Amino acid sequence: MYSAPESGFSDLSRAINPDYLRDEEALVRELARQATVEPQLQGAIARTAAGLVETVRRYRRERSGLDAFLDQYDLSSAEGVVLMCLAEALLRIPDAETADLLIADRLAAGDWSSHIGESDSAFVNASTWGLMLTGRLVRPDPSAVSNPAGFVRDLIAKLGEPVVRSAFRQAMRIMGHQFVMGRTIDEALARSTEEGSSRYRFSFDMLGEAALTATDAQRYADAYRDAIKAVGSAPGVAQEIGVAAPSISIKLSALFPRLEYSQFDRALAEIVPTLRQLAETGRQHRVAVTVDAEEADRLELTLAIFEQVYLSPGLDDWDGLGIALQAYQKRATAAIEWLDGLSRRTGRRIPVRLVKGAYWDTEIKRAQERGLTSYPVYTRKSSTDVAYLACARQLFRLNGTLLPQFATHNAQTVATIMHLAGDNQEFEFQRLHGMGEELYQEIIDKHTVPCRVYAPVGKHEDLLPYLVRRLLENGANTSFVNRIVDEKSPVGEIIADPVEVTAQLDSIPHPRIPVPPELFAPERRNSSGVNFSDGIEIAQLIGEMVAARAAARDVYPIVGGREQQGTAVPSTDPADHSRQVGEVYWSDIETVGQALESAAAGFRNWSARAVAERADMLRRAADLYEQNRGELTALCVSEAGRCIPDAMSELREAVDFL
């Protein structure tokens with residue numbers, strides 16, 4: 001049974017959650033002031049950023065891998081959309097027959113021939129033929145190039161769908177080789193020592209989505225442990241020490257199947273020992289460990305787990321345990337301040353990898369579906385860029401306790417960070433494997449700033465979720481990765497200072513992304529939900545429920561606005577039959593007849609009222625439901641046996657109907 005928290009909400013909630021769903025307009029304006037650079041630096045930053053863009057474009061013909069692929073198949077093209085939809089859908093299709101139908105339908109819809117020879121990258125051209133399902137199967141004739149849709153249909157008829165499906169998956173594997181460092185950690189380590197790679201530091205990410213079972217969690221933990229040992233013993237890698245040491249990125253959702261706020265205590269109990277063992281293995285083998293960033297509703301839980309592991313006695317002389325933070329979350333600056341306090345308690349530095357964030361679509365849709373007051377992320381890209389620079393300045397200010405690691409492919413962001421750092425700041429850049437090579441080649445050659453490669457490791461079946469996220473994050477034609485190589489995009493627009501862009505906006509929140517309460521405006525308001533990953537809000541709701549539960553409950557039939565007597569029957573809690581919620585007085589047959597007569601008469605009176613009057617009455621009822629949410633939610637839990645989130649959904653559905 002629910003109960004009021006003994007000590008309210010945690011210190012961690014107090015520290016970071018006031019900004020969770022903060023008003024975007026006020027917050028971004030505040031961050032813009034923090035991100036504003038001194039006038040004497042603005043010109044230098046612009047010149048450096050322009051030079052980086054021009055260098056990338058000058059070496060455009062040498063591009064390969066994801067950069068080139070995104071340039072050819074960005075989300076402004078029909079084929080880019082086809083690829084995205086197809087890759088995402090294949091994740092959820094369990095049977096071969098449905099996969100065959102989907103592949104045939106989607107690939108036939110694309111004008112793949114228009115991309116043949118359009119790219120200077122041999123990889124892109126090879127991938128295009130693979131996606132036309134030709135290449136390795138048959139030699140195409142001119143009619144295939146002029147009519148790829150018909151060619152695909154004929155090919156399926158001739159060779160059979162299983163062969164075509166295998167060819168498509170093979171094409172995906174070819175692409176996967178560009179996006180993934182290796183199928184195994186040994187393959188990835190071998191590629192990391194190839195010519196040209198030795199100038200980079202590496203952070204290896206063992207691909208795979210969240211664990212669904214305890215068996216999954218154990219398999220992921222074993223994979224992380226084996227990877228740490230392999231990296232630590234690899235020739236040419238083991239001698240690296242300190243901040244230059246290689247690292248392993250760990251997703252907490254891979255270590256426990258229920259990484260959610262409702263399982264806070266259980267998650268701490270089960271994840272902390274596992275992560276502590278992995279960190280101790282990293283310390284032993286001189287391999288850093290980074291706790292990766294995930295969805296917004298996991299941030300507080302992630303920081304709580306990180307704190308317990310970081311304070312473990314076995315790690316008290318090791319600076320290798322770090323964490324990734326997402327600048328597009330409104331709580332980023334508060335989380336950095338909290339990490340600074342944690343570091344000061346131990347006297348050890350914490351590596352902080354600052355990223356912009358890769359779950360934006362998910363965060364927006366979840367906030368809308370849950371009826372939150374606002375979004376946990378920003379609704380404009382320029383606002384995320386402003387927040388990133390504000391966080392960067394904050395990290396430099398706290399460089400004695402936090403070690404900044406900046407993950408970005410944005411030339412303006414890179415240039416700003418280099419000028420803010422000056423000559424005395426210790427930091428590193430990070431890029432994704434297969435992306436940003438030309439940009440960071442210039443930085444390493446001319447500016448001698450260290451750069452780390454975030455290197456995914458995994459098999460083809462683990463690639464698709466990662467690939468979809470990368471394409472969603474970087475494949476849109478508005479993304480920096482896409483625009484930097486587009487000769488039609490003016491350099492001045494690409495390197496525009498996001499603070500100046502923000503200053504010119506009439507409204508900081510995106511006008512086409514209404515806040516969740518206004519999602520259905522002007523037709524109606526959206527019902528209000530509860531943020532079940534905010535300890536402050538949960539404590540408030542449970543307090544209301546506890547107060548409502550304390551009142552005695554005797555429920556009578558009501559006919560014509562008057563309570564009617566009947567036979568008393570005890571009502572017990574479905575979750576605990578020994579606990580009586582109250583007494584219910586059942587109606588007799590005579591009372592039921594009176595109720596039907598009253599309802600019929602009432603309907604006639606109701607129908608005679610003006611529509612506007614009826615609408616106002618329904619809206620007042622909806623408001624009363626929400627004003628008494630604690631009492632109604634408590635009743636749903638105590639009498640109907642609902643869990644609290646389901647009870648809140650029942651209440652919201654009623655409000656939406658009204």
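Predicted model, so just to flag it, every value in this text is computed and none were measured.
For Ala211, the side-chain contact (heavy atoms from CB on, under 4.5 Å) partners are Asp216, Ala217, Tyr220, not counting sequence neighbours. In this view, Ala44 and Arg47, His419 satisfy the side-chain contact (heavy atoms from CB on, under 4.5 Å) rule, not counting sequence neighbours. For Arg201, the side-chain contact (heavy atoms from CB on, under 4.5 Å) partners are Val243, Ala244, Glu428, Pro450, Arg452, not counting sequence neighbours. Partners of Glu280 under the side-chain hydrogen bond (donor to acceptor under 3.5 Å, both in side chains) rule, at least two apart in sequence or in another chain, do not exist in this structure. Every residue meeting the side-chain hydrogen bond (donor to acceptor under 3.5 Å, both in side chains) condition with Glu426, not counting sequence neighbours, appears here in chain and number order: Arg349. Partners of Asp317 according to the side-chain contact (heavy atoms from CB on, under 4.5 Å) rule, which considers only residues two or more places apart in sequence or in another chain, are Arg283.
Among Asp205, Thr290, Val289, Val291, the single residue meeting the side chain to side chain contact (heavy atoms under 4.5 Å, CB included) criterion with Ile250 is Val289.
Distance check: Arg431 CZ to Leu439 CG gives 9.5 Å after rounding to the nearest 0.5 Å. Taking CG of Asp319 as the start and CD1 of Ile350 as the end, the distance is 9.0 Å to the nearest 0.5 Å. Atom CG of Asn410 sits about 9.5 Å away from atom CD1 of Ile494, to the nearest 0.5 Å. Separation of atoms CG (Asp340) and CD1 (Ile336) is listed at 10.0 Å; rounding is to 0.5 Å.
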Does the salt bridge (Lys or Arg N to Asp or Glu O under 4.0 Å) test come out yes or no for Asp222 and Arg219, once each step is laid out? CA-CA 5 Å; Asp222 292 342; Arg219 185 177 72 254; over 6 Å; no
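Scanning all heavy atoms of the two residues, the minimum distance from Arg276 to Ser312 falls at NE-OG, 2.8 Å. Looking at every heavy atom in both residues, Tyr388 comes nearest to Thr408 through OH-CB, 4.0 Å. The shortest heavy-atom contact between Leu342 and Tyr310 is CG-CD2, 3.7 Å. Nearest heavy atoms, Leu315 versus Val309: CD1-O, 3.4 Å. Residues Ser343 and Thr401 approach most closely at OG-O, 3.1 Å, considering heavy atoms. For the residue pair Val180 and Pro456, the shortest heavy atom distance occurs at CG1-O, 3.2 Å.
Under 4.0 Å is where a charged nitrogen must lie from a carboxylate oxygen, and between Asp316 and Arg348 no such pair does.
Between Phe204 and Tyr224, the ring center distance fails the sub-6.0 Å criterion. No close placement of the Phe202 and Tyr454 rings is indicated, their centers lying 6.0 Å or farther apart.
Side chain of Gln425 to main chain of Asn399: no donor-acceptor pair is present (N/O by atom type, distance under 3.5 Å, no hydrogens or angles). The backbone N or O of Glu437 lies less than 3.5 Å from no partner atom in the side chain of His409, so there is not a single donor-acceptor pair. Put simply, the side chain of Trp360 never gets that close to the backbone of Lys381: no donor and acceptor are under 3.5 Å apart.
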